[in-house]
Amino acid sequence: QVQLVESGGGSVQAGGSLRLSCAASGRTFSNYVMAWFRQAPGKEREFVAGMQWSSSTTYYADSVKGRITISRDNAKNTVYLQMNTLKPEDSAVYYCAAHGRIGIVTFPRLYEYWGQGTQVTVSS
């Protein structure tokens with residue numbers, strides 16, 4: 001079965017960096033869109049960044065452009081989220097997600113597969 005396993009979360013001070021990883025298994029993801037979402041307490045899950053695996057086309061939420069980069073390693077079947085210049089408002093549980101249609105979409109309900117999430121806490 002498909003599994004997405006996130007890792008790399010933690011606690012950092014504002015201005016710091018973290019790299020999240022999402023190890024994907026269970027099928028070939030070459031035709032999939034991989035994305036990162038986040039959810040803070042009391043808020044809806046929101047799109048952060050996405051990548052079309054086959055073309056490496058990327059798309060970012062305006063709130064993270066210039067600070068966060070999504071990338072992949074084909075050999076490891078892993079997607080990364082490099083987060084720099086972190087702010088307290090970036091604190092949330094970060095989820096890896098995947099869907100098998102063409103196009104990077106920002107609506108969580110359109111994603112078929114989800115990881116369990118990893119906590120990111122940024123202190124001021």
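FYI, the numbering just counts along the sequence from 1. Values below: every heavy atom of this structure, side chains too, minus hydrogens, waters and symmetry copies.
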Return yes if a side-chain donor-acceptor contact under 3.5 Å exists between T28 and S30, otherwise no.
no
side-chain contact (heavy atoms from CB on, under 4.5 Å) with L81: of I70, V64, T118, L18, only one passes, and it is I70
Quick one, Y32 and E112 - any side-chain contact, counting heavy atoms below 4.5 Å?
yes
Between L110 and V33, is there shared hydrophobic-cluster membership here, with clusters defined by ILVMFWY side-chain heavy atoms closer than 4.5 Å?
yes
Hey, quick one: are Y80 and Y113 part of the same hydrophobic cluster, counting side-chain heavy atoms closer than 4.5 Å, chains of contacts allowed?
no
The criterion is salt bridge (Lys or Arg N to Asp or Glu O under 4.0 Å); which residues satisfy it with K76, sequence neighbours excluded?
none
Of the non-hydrogen atoms in A40 and A92, which two are nearest, and what is the gap between them?
N-CB, 3.8 Å
Can V2 be reached from M34 by stepping across I, L, V, M, F, W or Y side chains whose heavy atoms are under 4.5 Å apart?
yes
Sorted by first residue and then second, give each salt bridge (Lys or Arg N to Asp or Glu O under 4.0 Å) pair with at least one member in residues 34-51; sequence neighbours left out.
R38-E46, R38-D90
Pairwise distance NE2(H99) to CZ(F107) - rounded to 0.5 angstrom:
11.5 Å
Same apolar cluster: V5 and W114, side chain cutoff 4.5 Å:
no
Within a strict 4.5 Å, meaning less than it, do heavy atoms of the W53 and N31 side chains meet?
no
Just grab all the disulfide (SG to SG under 2.5 Å) pairs involving residues 86-124, residues at least two apart or on different chains.
C22-C96
For D73 and T78, does a side-chain donor sit closer than 3.5 Å to a side-chain acceptor?
no
Could you give me the CA-CA distance, side-chain angles and deciding distance for R67 and K87, then say whether side chain to side chain contact (heavy atoms under 4.5 Å, CB included) is met?
CA-CA 10 Å; R67 301 188 297 118; K87 305 175 181 180; 3.8 Å; yes
Is the centre of the W36 ring less than 6.0 Å from the centre of the F47 ring?
no
Does F37 reach the side chain of T106, with side-chain heavy atoms less than 4.5 Å apart?
no
Any side-chain heavy-atom pair of V79 and L4 under 4.5 Å:
no
Rounded to the nearest 0.5 Å, how far apart are OG of S63 and NZ of K65?
10.0 Å
Show, in sequence, the C-alpha distance, side-chain angles and deciding distance for M83 and S17, and conclude whether the side chain to side chain contact (heavy atoms under 4.5 Å, CB included) test is met.
CA-CA 5 Å; M83 305 189 294; S17 299; over 6 Å; no
Indicate, with yes or no, if V120 and V12 share a hydrophobic cluster defined by side-chain heavy-atom contacts under 4.5 Å among Ile, Leu, Val, Met, Phe, Trp and Tyr.
yes
Would you call I68 and N84 a side-chain contact if the rule is heavy atoms closer than 4.5 Å?
no
Any non-hydrogen side-chain atom of S56 less than 4.5 Å from a side-chain atom of R72?
yes
Contact between M51 and Y60 at the side-chain level, heavy atoms closer than 4.5 Å - yes or no?
no
When rounded to the nearest 0.5 Å, the distance separating CG of L20 from OH of Y95 is 13.0 Å
